[in-house]
K.L.:
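First the structure, then my questions, so here it is.
Computed from a predicted structure; not experimentally measured. All residue numbers refer to positions in the sequence shown, counting from 1.
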Amino acid sequence: MKFNKHLLLITGVLAVMLVLAGCGNNSSSTKSSKQMAKDQTINLSTSSEISTLDIAKASDSGSLTPLYQISEGIYRLGPKSKVENGLATSTKVSNDGLTYTFKLRTNDKWNNGQPVTAKDFVYGWRRVVNPKTAAGYSYLFEGVKNYSAIQKGHLSANKLGVYAPNSHTLVVKLSHPVPYFKLLLAFPTFFPQQESAVKKYGSRYGTSSATTAYNGPFVLSKWNGTSDTWTMTKNPNYWDKKHVKAHQLDFQVIKTPSTGLSLYQQNKLDVISLSGEEVPTYKNRPEFKKFVGGSTMYLEMNQKRVKALKNTKVRQALSRIINKQTLASQVLRDGSTAPKGFVSTNFFRNPKTGADFAKDAYEKDGVAYNQSQAKKLWQQGMKQVGQKKLHLSLLSDDTDQSKKTTQYLQSQFNKLPGLSITIHNVPTKSKLSRSTSGDFDLVVSSWGADFADPINFLDLLTKSNPTNNGHWVNATYDKYIEASKTTDANNPDKRYDDLVNAEKVLMKDQGIIPLYQPATTQLWRTNIHGFVWNPAGMSNGYKGSYVTK
């Protein structure tokens, strides 16, 4: 998830999928793992503020994560990204893979009591792809019929290949087969939107908990658009409410792990994230949890704003002056690992051999540390662009981990002759805004996968993708990505090779600089019975954070 474009690394408790069977810090929850506490209230933390609750505009983890809990779409993701029915009761796919027909539940309602219908999907999808909406995730609709023509202004959004023959039947027409289409439908951008609510609130829609429509397991309250605390309560109108065991989820933004730990020790938080300094102390305790996979931290270089960053050797020099292993193991010290490339390890496997995609696509020079080579490339590149000195701004979030990362990067970049760096650590919402508008030279970005396919990473860096904030362009790269979506879409082996080749091109040309693969390191209160730690890396869906069966 991104369009922080970049923050889809879901931090805090929200990086994982939880099953809250019997939860709460009521003392009765300690009596038996089969006996639930009367007070089913969970106290959770997150490092990211909510930017928006507008499904069409949400693009960062701080916004997308709550949308998984307060909204629901056609499908939801279970363990290992297995697609399960959400609002769908059945699915029929044509033999050519171009037509999907969904039968929808008849008993789901919006929080105002009105029924959720197929028309809510049609309206929501058209709103996302309408260029006027400026939806950061609109590109995910690329395979839906007429999407490209709509984006170019040749057709109205009403011509998108989706329609509702009746209230509880949804038909989708694709322009070409999309192997991962069902996975996309479990992502919030594809969830329904209530037209009456969107029109009622206009530009205020999704800017507060009171100006948002809900059809999921929870209803969000106490968020005014800028507050760093909010509450989710069980939605009485949700079709599957009997399986929602938690009554209330209380959230607060915690940007400093030491603050979170203090609140955890005071029994004021039930799940927290740990810093690198804290991991050694708690790593052998039963409440300690760790997971690596499905996300990547990387550096985007704004080639549109900075002439020197258009030079491949300059970009390669910036990459090779960074010791990624030191950053992960000695600076962060939280279990994060050095990257093999842009697509993370432990994420996707070769359909023929079972090998990790990251291993097959590995280009050593794209992530290598070589100080002498970096300085040589720097001198050559700067000579080619006709400059002796360069000053760059480095943008990132204002979390404890982000500050450590930017300080380390600054110390490494200062080793390149004539290069000076100014750090800007700002709140996530400001970073998103500046990244989107191109107000940066270098920006530390993060991507956490929305669905389990390498295209979810690699598509971000194509020429036309709105999340390509660094404006890196490579025709060969785009050719491989296009082939994976068209001519090779129905051939798993050829498609896989296309994606591997695309990653290799990206790393050889240093389109971005992978920094590290984040680790989720957390403490889970041991007396909260029923918590199942099941990190997915792709989604916090239904079987993620509020249900047991």
K.L.:
May I ask you to check whether Gln517 and Ser295 show a side-chain donor-acceptor distance below 3.5 Å?
P.N.:
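Ser295 and Gln517 do not have a side-chain donor-acceptor pair below 3.5 Å.
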
K.L.:
Using the rule given for side-chain contact (heavy atoms from CB on, under 4.5 Å), can you reason through Tyr147 versus Leu140, listing the C-alpha separation, both sets of side-chain angles and the distance that settles it, and then say yes or no?
P.N.:
CA-CA 10 Å; Tyr147 167 80; Leu140 292 179; over 6 Å; no

K.L.:
Classify the side-chain pair Lys103/Thr169 by whether it contains a donor and acceptor separated by less than 3.5 Å.
P.N.:
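Note: Lys103 and Thr169 side chains meet the donor-acceptor criterion.
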
K.L.:
Before you tell me yes or no, could you show the steps for Tyr298 and Tyr516 under ring pair (Phe, Tyr, Trp, His ring centres under 6.0 Å), namely the whole-Å CA-CA distance, both residues' side-chain angles and the distance that decides it to 0.1 Å?
P.N.:
CA-CA 7 Å; Tyr298 62 105; Tyr516 63 92; over 10 Å; no

K.L.:
Does the pair Ser63 and Asp60 meet the rule for a side chain to side chain donor-acceptor pair (under 3.5 Å), with working shown?
P.N.:
CA-CA 6 Å; Ser63 301; Asp60 61 290; 3.1 Å; yes

K.L.:
For the pair Asn224 (side chain) and Ser227 (backbone), establish whether a donor and an acceptor sit closer than 3.5 Å, ignoring hydrogens and angles.
P.N.:
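The answer is yes, because a donor-acceptor pair under 3.5 Å joins these two groups.
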
K.L.:
Mind jotting down which residue pairs meet the side chain to side chain donor-acceptor pair (under 3.5 Å) criterion with at least one end in residues 113-122? Sequence neighbours excluded, please.
P.N.:
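Counting only pairs at least two positions apart or across chains, the side chain to side chain donor-acceptor pair (under 3.5 Å) contacts touching residues 113-122 are Trp110-Asp120, Gln114-Gln194.
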
K.L.:
For Gln510 and Gly366, indicate whether the former's side chain and the latter's backbone hold a donor-acceptor pair under 3.5 Å.
P.N.:
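Yes, because the side chain of Gln510 sits within donor-acceptor range (under 3.5 Å) of the backbone of Gly366.
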
K.L.:
Show every side chain to side chain donor-acceptor pair (under 3.5 Å) that has at least one partner inside residues 172-183, sequence neighbours left out.
P.N.:
Thr99-Lys173

K.L.:
Can you name the nearest heavy-atom pair linking Val129 to Ser138, along with the distance?
P.N.:
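Looking at all heavy atoms of both residues, the shortest contact is CA-CB, 4.4 Å.
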
K.L.:
Does the gap between the ring centers of Phe121 and Phe191 come in under 6.0 Å?
P.N.:
no

K.L.:
Rounded to the nearest 0.5 Å, what separates atom CG in Asn215 from atom OG in Ser71?
P.N.:
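Asn215 atom CG to Ser71 atom OG measures 5.5 Å (nearest 0.5 Å).
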
K.L.:
Evaluate side chain to side chain donor-acceptor pair (under 3.5 Å) for Thr467 paired with Asn465, printing each intermediate quantity in order.
P.N.:
CA-CA 5 Å; Thr467 66; Asn465 196 299; 2.6 Å; yes

K.L.:
So does Arg105 get a backbone contact from the side chain of His168, meaning a donor-acceptor N/O pair under 3.5 Å?
P.N.:
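It does hold such a pair.
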
K.L.:
Would Tyr238 and Lys109 count as a side-chain contact (heavy atoms from CB on, under 4.5 Å) if you check the C-alpha gap in whole Å, the side-chain angles of each, and the deciding distance to 0.1 Å?
P.N.:
CA-CA 6 Å; Tyr238 179 55; Lys109 297 179 180 180; over 6 Å; no

K.L.:
Are the aromatic rings of Phe347 and Phe457 close, with centres under 6.0 Å apart?
P.N.:
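Between Phe347 and Phe457, the centre distance is under 6.0 Å.
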
K.L.:
Taking atom types as modelled and ignoring hydrogens, do the side chains of Ser445 and Glu300 form a donor-acceptor contact shorter than 3.5 angstrom?
P.N.:
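Short answer, yes.
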
K.L.:
How long is the span from the OH atom in Tyr68 to the CZ atom in Arg76, to the nearest 0.5 Å?
P.N.:
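Rounded to the nearest 0.5 Å, the OH-CZ separation comes to 14.0 Å.
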
K.L.:
State whether a side-chain donor-acceptor pair under 3.5 Å links Asn346 with Ser344.
P.N.:
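No.
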
K.L.:
Ring-plane angle category for Phe102 and Tyr100, please: parallel below 30°, perpendicular beyond 60°, tilted otherwise.
P.N.:
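Phe102 and Tyr100: parallel rings.
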
K.L.:
Examine the side chains of Asp96 and Ser94 and answer whether a donor and an acceptor come within less than 3.5 Å of each other.
P.N.:
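Yes - a donor-acceptor pair under 3.5 Å links their side chains.
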
K.L.:
When rounded to the nearest 0.5 angstrom, what is the spacing between CG in Asp240 and CG in Asp108?
P.N.:
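The CG atom of Asp108 is 9.5 Å from CG of Asp240, to the nearest 0.5 Å.
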
K.L.:
Using the salt bridge (charged side-chain N to carboxylate O under 4.0 Å, His left out) rule, take Arg127 and Asp54 through it: C-alpha gap first, then chi angles, then the decisive distance, then the call.
P.N.:
CA-CA 11 Å; Arg127 181 168 176 255; Asp54 185 341; 2.7 Å; yes

K.L.:
Please name the pair of heavy atoms, one in Leu460 and one in Asn468, separated by the smallest distance, quoted to 0.1 Å.
P.N.:
O-CB, 3.3 Å

K.L.:
Between the side chains of Asp453 and Arg495, is the shortest nitrogen-to-carboxylate-oxygen separation below 4.0 Å, so that they form an ion pair?
P.N.:
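Judged by the 4.0 Å cut-off on N to carboxylate O distance, Arg495 and Asp453 do form a salt bridge.
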
K.L.:
For Tyr496, give me all partners under ring-ring contact (aromatic ring centres under 6.0 Å, His included), at least two apart in sequence or on another chain.
P.N.:
Phe357

K.L.:
Measuring from atom OG1 of Thr89 to atom CD1 of Ile74, what distance do you get when rounded to the nearest 0.5 angstrom?
P.N.:
11.0 Å

K.L.:
Without hydrogens or angle criteria, can the side chains of Asp397 and Thr428 be said to hold a donor-acceptor pair below 3.5 Å?
P.N.:
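On atom types as modelled, these side chains qualify, holding a pair under 3.5 Å.
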
K.L.:
I need the minimum non-hydrogen distance between Val253 and Ser48, along with the two atoms involved.
P.N.:
CG2-O, 3.9 Å

K.L.:
Check the surroundings of atom NZ in Lys159: do more than 12 heavy atoms from other residues, nucleotides or ligands lie under 6.0 Å from it?
P.N.:
no

K.L.:
Can you confirm whether the side chains of Ser393 and Asp441 place a donor and an acceptor under 3.5 Å from each other?
P.N.:
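Note: Ser393 and Asp441 side chains meet the donor-acceptor criterion.
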
K.L.:
Do we see a donor-acceptor contact under 3.5 Å between the side chains of Glu503 and Tyr477?
P.N.:
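No pair is found: no donor N or O on one side chain lies under 3.5 Å from an acceptor on the other.
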
K.L.:
Quick one: do the Thr91 and Tyr75 side chains pair a donor with an acceptor below 3.5 Å?
P.N.:
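Note: Thr91 and Tyr75 side chains meet the donor-acceptor criterion.
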
K.L.:
Report the C-alpha distance between Met507 and Ile512 in whole Å, list the side-chain angles of each, state the deciding distance to 0.1 Å, and finish with yes or no for side-chain contact (heavy atoms from CB on, under 4.5 Å).
P.N.:
CA-CA 7 Å; Met507 289 294 95; Ile512 48 92; 3.7 Å; yes

K.L.:
First locate atom OG1 of Thr46, then atom CH2 of Trp230, and finally report the distance between them rounded to the nearest 0.5 Å.
P.N.:
5.5 Å

K.L.:
May I ask you to check whether Glu72 and Trp239 show a side-chain donor-acceptor distance below 3.5 Å?
P.N.:
yes

K.L.:
Return the set of residues passing salt bridge (charged side-chain N to carboxylate O under 4.0 Å, His left out) with Lys199 (not counting sequence neighbours), or none when no residue passes.
P.N.:
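If we apply the salt bridge (charged side-chain N to carboxylate O under 4.0 Å, His left out) test to Lys199, skipping adjacent residues, the hits are Glu195.
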
K.L.:
Do you see a donor-acceptor pair shorter than 3.5 Å between the side chains of Asp509 and Thr312?
P.N.:
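Asp509 vs Thr312: donor-acceptor pair found between side chains.
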
K.L.:
If you count every heavy atom of other residues, nucleotides or ligands that lies below 6.0 Å from Lys145 atom NZ, does the total exceed 12?
P.N.:
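Atom NZ in Lys145 is not packed in, count stays at 12 or less.
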
K.L.:
Could you tell me the separation between the CG atom of Asn302 and the CG atom of Asn469, rounded to the nearest 0.5 Å?
P.N.:
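Going from the CG atom of Asn302 to the CG atom of Asn469 covers 8.0 Å.
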
K.L.:
Whether Arg434 and Asp439 form a salt bridge (side-chain N of Lys/Arg under 4.0 Å from carboxylate O of Asp/Glu) is what I want to check.
P.N.:
yes

K.L.:
Indicate the atoms forming the closest heavy-atom contact of Ser402 with Thr399, along with that distance.
P.N.:
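Looking at all heavy atoms of both residues, the shortest contact is OG-OG1, 2.9 Å.
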
K.L.:
List the residues meeting salt bridge (charged side-chain N to carboxylate O under 4.0 Å, His left out) with Asp459, not counting sequence neighbours, and say none if there are none.
P.N.:
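If we apply the salt bridge (charged side-chain N to carboxylate O under 4.0 Å, His left out) test to Asp459, skipping adjacent residues, the hits are Lys485.
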
K.L.:
Could you walk me through whether Ser433 and Ser430 pass side chain to side chain donor-acceptor pair (under 3.5 Å), step by step?
P.N.:
CA-CA 5 Å; Ser433 176; Ser430 296; over 6 Å; no

K.L.:
Passes side-chain contact (heavy atoms from CB on, under 4.5 Å), Lys234 versus Gln248? Steps please.
P.N.:
CA-CA 6 Å; Lys234 187 173 179 178; Gln248 182 169 311; over 6 Å; no

K.L.:
Looking only at non-hydrogen atoms, find the nearest pair between Val122 and Ala164 and report the distance.
P.N.:
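So the minimum-distance heavy-atom pair works out to CG2-N, 3.8 Å.
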
K.L.:
Is it true that Glu363 and Lys504 have a side-chain N and a carboxylate O under 4.0 angstrom from each other?
P.N.:
yes

K.L.:
Checking Asp228 now: which residues fulfil salt bridge (charged side-chain N to carboxylate O under 4.0 Å, His left out) with it, not counting sequence neighbours?
P.N.:
none

K.L.:
Is there a donor-acceptor pair under 3.5 Å between the side chain of Trp125 and the backbone N or O of Phe190?
P.N.:
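Yes, because the side chain of Trp125 sits within donor-acceptor range (under 3.5 Å) of the backbone of Phe190.
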
